Amino acid sequence: MAGKVVGVLALQGDYERHVRALEAAGAQAVEVRTAAELAATDGLVLPGGESTTMLKLLHRESLFAPLRAYGETKPIFGTCAGAILLATHVTSPEQESLGIMDIDVQRNAYGRQLDSRVVTLPSTLGDLEAVFIRAPIIRAAGPSVHVLATYNGDPVLAEQGRHLVATFHPELTADPRVHAYFLSKL
Ligand code: GLN
């Protein structure tokens, strides 16, 4: 990891918290808003926020195709809205996605009463405090997806080769382990 630079897509959402979380985990982190900035990184975080808005901004900044190509060689970590962008299929409603992780994702799947919650979850990284905010549910995952944590039987932290998704927000806790795990993929 030494000398590696991790980008955080900074078009919308809680990207500043990811920059801080990556730095706390020992990385050099930079905000990414252009294809040139993307090309200067060794890994990328797609933050939480509003995936529909991010999708529009990705097209406006001509970043959609570069991001898809980036995922063919470099690791991407998507949290919440970022996980939705990485999926192969998105429902509720259907929307375009990058198709980088072989997961089917249903947006805002916990319903309005349960907009946000904090739970303690066992994971392959140990017990994690997981903050869910208008979270999606991963309804299906392909055979090459490895699940690292579940909640109510659904995957909430999963990897596929170099890529990682969380439907919760590890950047909102002081625990650096999930970001550190992503850094181990660089
Ligand atoms: N509800 C958002 C979406 O569908 C995701 C929420 C989040 O990133 N915290 O894009």
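Both ligands and their constituent atoms are indexed starting at 1 by order of listing. This is a predicted model, so every value here is computed, not measured.
Protein heavy atom at the shortest distance from atom 7 (C) of ligand 1 is Cys80 SG, 2.8 Å. Scanning all protein heavy atoms for the shortest distance to atom 2 (C) of ligand 1 gives Gly49 O, 3.5 Å.
At a heavy-atom distance under 4.0 Å, atoms from both the backbone and the side chain of Glu50 approach ligand 1. Of all the heavy atoms of Thr79, none lies under 4.0 Å from any atom of ligand 1, so neither backbone nor side chain is involved.
You'll find the side chain of Lys185 stays beyond 4.5 Å of the side chain of Phe77, heavy atoms only. Between Val131 and Ser116, every side-chain heavy-atom pair lies at or beyond the 4.5 Å cut-off. Phe168 places none of its side-chain heavy atoms less than 4.5 Å from the side chain of Val118.
Between Arg107 and Glu50, at least one side-chain nitrogen of the basic residue sits less than 4.0 Å from a carboxylate oxygen of the acidic one, meeting the salt-bridge criterion.
Considering backbone and side-chain atoms alike, Ile84 places every N or O at 3.5 Å or more from each N or O of ligand 1. Taking any N or O of Ala81, backbone or side chain, at least one lies under 3.5 Å from an N or O belonging to ligand 1. Between Arg107 and ligand 1, an N or O atom pair is found at a separation short of 3.5 Å.
Within ligand 1, counting atoms from 1 as listed, the ones closer than 4.0 Å to a heavy atom of Ile133 are 6 (C), 7 (C), 9 (N). Interface atoms of ligand 1 facing Gly48, defined by a heavy-atom separation under 4.0 Å, are 8 (O). With ligand atoms numbered from 1 in the order given, ligand 1 contributes 1 (N), 2 (C), 5 (C), 6 (C) to contacts under 4.0 Å with heavy atoms of Arg134. Which parts of ligand 1 touch Ser51 is read off a 4.0 Å heavy-atom cut-off, strictly below it: atoms 3 (C), 4 (O), 10 (O).
A donor-acceptor pair is defined here as one N or O able to donate and one able to accept, closer than 3.5 Å; such a pair exists between the side chain of Lys74 and the backbone of Thr41.
Taken to the nearest 0.5 Å, the CG atom of Leu67 stands 8.0 Å off from the CG atom of Leu85. In this structure, CD1 on Ile138 lies 10.0 Å from CG on Asp104, to the nearest 0.5 angstrom. Of the inter-residue distances, the one linking Gln106 atom CD with Thr167 atom OG1 reads 12.0 Å to the nearest 0.5 angstrom.
Comparing Asn108, Val90, Thr167 against atom 1 (N) of ligand 1, the shortest heavy-atom distance belongs to Asn108.
Using a non-hydrogen distance threshold of 4.0 Å, Met54 does not register as a contact of ligand 1.
Only one option out of Val147, Leu125, Val165 pairs with Leu157 in a side-chain contact (heavy atoms from CB on, under 4.5 Å); it is Leu125.
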